Amino acid sequence: MADYNHRVIEPKWQQYWKENETFKASVDTSKPKFYALDMFPYPSGAGLHVGHPLGYIASDIVSRFKRNKGFNVLHPMGFDAFGLPAEQYAIQTGQHPAITTKENISRYKEQLENIGFAFDWDKEVQTCDPSYYKWTQWIFMQIFNSWYDYDASKARHIDELVAIFEKDGNANINAACDDDTPDFSTEEWKGMSADDQQLMLLKYRLTYLSETAVNWCPQLGTVLSNDEVKDGFSERGGFPVVRKNMQQWSMRITAYAERLLQGLESIDWSEPLKEMQRNWIGKSIGAELSFEVENSDLAIEVFTTRIDTIFGVTFMCVAPESDYAAQLTTPEQKEAVEAYVAQAATRSERDRMSDVKTISGVFTGSYAINSYNGEKIPVWVGDYVLAGYGTGAVMAVPCGDQRDYDFAKHFDLPIVPVIKDADISEQADPTKDGTMINSGFLDGLSCNDAITKAIEFAEEKGIGKGKINYRIRDAIFARQRYWGEPVPVYFKGNIPHLVDEADLPIILPEIDKYLPTEDGDPPLGRAENFTYTPNGETEAYPLELSTMPGWAGSSWYWYRYMDAHNNNDFIDKDVQAYWENVDLYIGGSEHATGHLLYSRFWNKILFDLGHVNQEEPFKKLINQGMIQGRSNFVYRVKGKNKFVSKGLKKDYDTTPMHVDVSLCYNDELNLDGFKNWRPDLADAEFILEDGKYICGWEVEKMSKSKYNVVNPDDIIERYGADTLRLYEMFLGPLEQFKPWNTNGIDGVKKFLGKLWRLFHNGNGEFEVSDAAPSKEELKSLHKTIKKAGEDIDRYSFNTSVSTFMICVNELSALKSNNRAILSDLLVVISPYAPHITEELWSLLGHETSIIDAAYPTYNEEYLKEDDIEYPVMVNGKMRTKIQVAADLSKEEVQEVALANETVQKWLEGKTPKKVIVVPKKIVNLVV
RNA sequence: GCGGAUGUGGCGAAAUUGGUAGACGCACUAGACUUAGGAUCUAGCGCCUCAGGGCAUGGGGGUUCGAGUCCCUCCAUCCGCACCA
């Protein structure tokens, strides 16, 4: 073999790894473990583009590096295979989503294999596989059988709750439950029918049924997720979407709000990502307060973070959707309020959000009593109050809250200042520093002291208490769709029961059409005999017709990889104890408040119930930046089939037009290719500059319609997988968003050619020397070993590629072909460019894969300089450079510097006040 | 509005702890070898200046012998949340 030929080498080694099961990982307690995980892809019909593998390449590099370092590495891959596009395709074509999914997966696998990843395919999981979703259903059952004990701060088995109810009723427990849960005694519990007991328990279970609003599209006959709805219309088809209440499964993630927040402190995630989760959880510390209503038994409950401003409350405001609105309206105001509520209901969520400037509201006719000063305050309905947050009612303090202020100004309600020196002539002042005025017994206190005092008062009078509120809502756990996991629940009457564990999995049934039934049931309603007969009974009961949401299968998959073929358990306890959790997780930040939050939630439940030994699933998380498309443009002269090169376009009236990026090389248009691209361009004419047609470009999202999609297969065919891998890393920092730009790829390809030539003589024959390595060679190598190792520790892959280039350049300059040097160098480069290094490694005569080679350690001895050059500065300005031996002390360097002629001249006989010698860097004399 | 990031040559970018800013690569220029190759090798490549030297990390100010890095302030771009009481 002569020249470096990736087309021969790469398939050869991919085949070798496959045959030898090189990447198979199993428990080995003699070695430390390392678990590298990628967010598994949804296999879409479009296949992979060059942006997808970015994170996989990074995790692959770390995996291979860790393996060379002696770790037992688990690096699996699988597919998040339930999802909407396959179902959509099924609705249109009638093809079963399983077939579409299977085809897409095999395409994805082929593409992934071409890149040479060190995946252990034996551990592959597919969420749509019954042997996988059996355990998703099993986990659902564990969650169903749990309740959350706030006193113990953990989930416990529902049987323990039943035992408590039997002993003490529910008076003494502090559990997460529905808001409308009544108090009951032991006797009352025992007096309930079995069904009523079940309905009561459902109010405590960590997954429960409740009425929730969904986006219902009557024309499509289906429920849509929030991101499928745009401005009140379905994204697909543009049909109107309405809010509709449906009985659905939810997961009580709110019970875990505090622990999800606290847990962030213990994990190594990026600050922006943690911040996103914190915002999503939305903790706010305040107080809950109840206001009596004049001439009524009702009380209005509010949540406030500023109870110190209680004396500044001049009105109350309730959300139009809240029950308060109807309850508090007096007969005189009935007509006005009903009209307002009806009008508010027609405005879509989005209208209300985008139109925050318009102030609207109406008086209910009722008055509340401020228990702190006995004052009568009017109760209004206003759509700036949200039904979904807090209690759906607020105490309005116009002096301290801008929305209350605007409302008060608009309806001419009083504004009472309660903080000294706050200027509220133009707007509210929400700041919390100052002393209280007009505030009765709070006068003279600071805001913080006033909060404490006001809460004490409320507690004494029994009208309120300190409270922590969270913004996070329970997660809806049902989709009225076909292509998802069936929920392992059947109904006796309206009471849900779990199927027997032995009957798992509940297989997704075949149906004739992937659409809802005529009477509006989900697609599963079409299945024949989709029923369940409990053990020992003869009657068949209907099964739940909703399927699980997309996030179900992805909320535990990292555990299944550890023990993918286990038929007896979702994971073997010992296997889990060995692999623990994920050491490095790489994926996009778009999952910040979805997958990553749900996964932490489920993991905590599994932890509480004793199924896993780690409370957090992902120790270290990196968000790889998206690779954007780099679109190319040609400029058509208006009204003509003539195109003008970018540099000359200012002289013409032109319209830009996307051109396929594969027709451009370094932004120069391939004219013949362009003419053949589309029939209407066959007789296109060009106005060239310097004989070339130069295209314009812009960074956009990679998409088919913009003709900027780059397929990794094309890059691999032309440049090779090793070049692709190195180049994606070389493109810039992993976390950064960056456009794909093939312009620089030649440099990386050249580097691999140079590496190849280090091992070959001028005739292209393999030739290495067995001579002892020279000092320069050792220095170059050890510098590289050190830098590459440090770079991986801080996930700086782009700088490592530079380091390799420098090393290869240095060795070429030294005409080095030393076996020992090159052998170590190969191991260092192998995580990045596995194929070429395997080939050269085997040419060196090694019989095992380079992935099992020991990573070389560097020796400081070789890194020492003979002489060090110190710039000598006087008052920070550079004067001269001195050469000194590397092992001189600071004082000795200082002496040499002071003795230097140029420096002497500058100092003009003066003695510097201060001399700063920075080791191996610089000498600075301060006069 | 709130929160978070980012800002360095023609371009992608380095600079890990405050210590010679621009490593490495692309593009560009010149040359060598060839006798067409999108090959390889060598050299040059921030700006100004005749030079000594000066100016440069979004703008302005500060701390320091010394600032891309720390502090204050303003500007621009991107992302997330958004009437959250």
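All values derive from a computational prediction rather than experimental measurement. The basis for the numbers below is simple: all heavy atoms, side chains too, and nothing from hydrogens, waters or symmetry mates.
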For A:L731 and B:G25, what is the distance between atoms CG and P respectively, to the nearest whole Å? 16 Å
Side-chain donor-acceptor pair under 3.5 Å between A:E258 and A:Y470, yes or no? yes
Rounded to whole Å, CD of A:E735 lies from P of B:C78 at a distance of 21 Å
Which whole number of Å gives the distance between the P atom of B:U6 and that of B:U16? 14 Å
Pick base, sugar-phosphate or nothing for A:N809, based on heavy-atom distances below 4.0 Å to the nucleic acid. sugar-phosphate
Look through every strand shown and name the nucleotide pairing with B:C81 as Watson-Crick or G-U wobble, where both distances are under 3.5 Å. B:G1
When all nucleic acid strands are considered with a 4.0 Å heavy-atom cut-off, which category describes A:I922: base, sugar-phosphate, or nothing? base
Using a 4.0 Å heavy-atom cut-off, does A:P733 contact any base of the nucleic acid, only the sugar-phosphate backbone, or nothing at all? sugar-phosphate
Answer with base, sugar-phosphate or nothing: what part of the nucleic acid does A:I916 contact at a heavy-atom distance below 4.0 Å? base
Atom pairs under 3.5 Å, N or O on each side, protein against nucleotides 3-6 of chain B: can you list them with distances?
none

A:H595 and A:H591 aromatic ring geometry - parallel, tilted or perpendicular at 30°/60° bounds: perpendicular
Measuring to OP1 and OP2 of B:C41, would you say a side-chain N or O of A:R757 lies under 4.0 angstrom away? yes
Below 4.0 angstrom from OP1 or OP2 of B:A15, is there any side-chain N or O of A:R794? yes
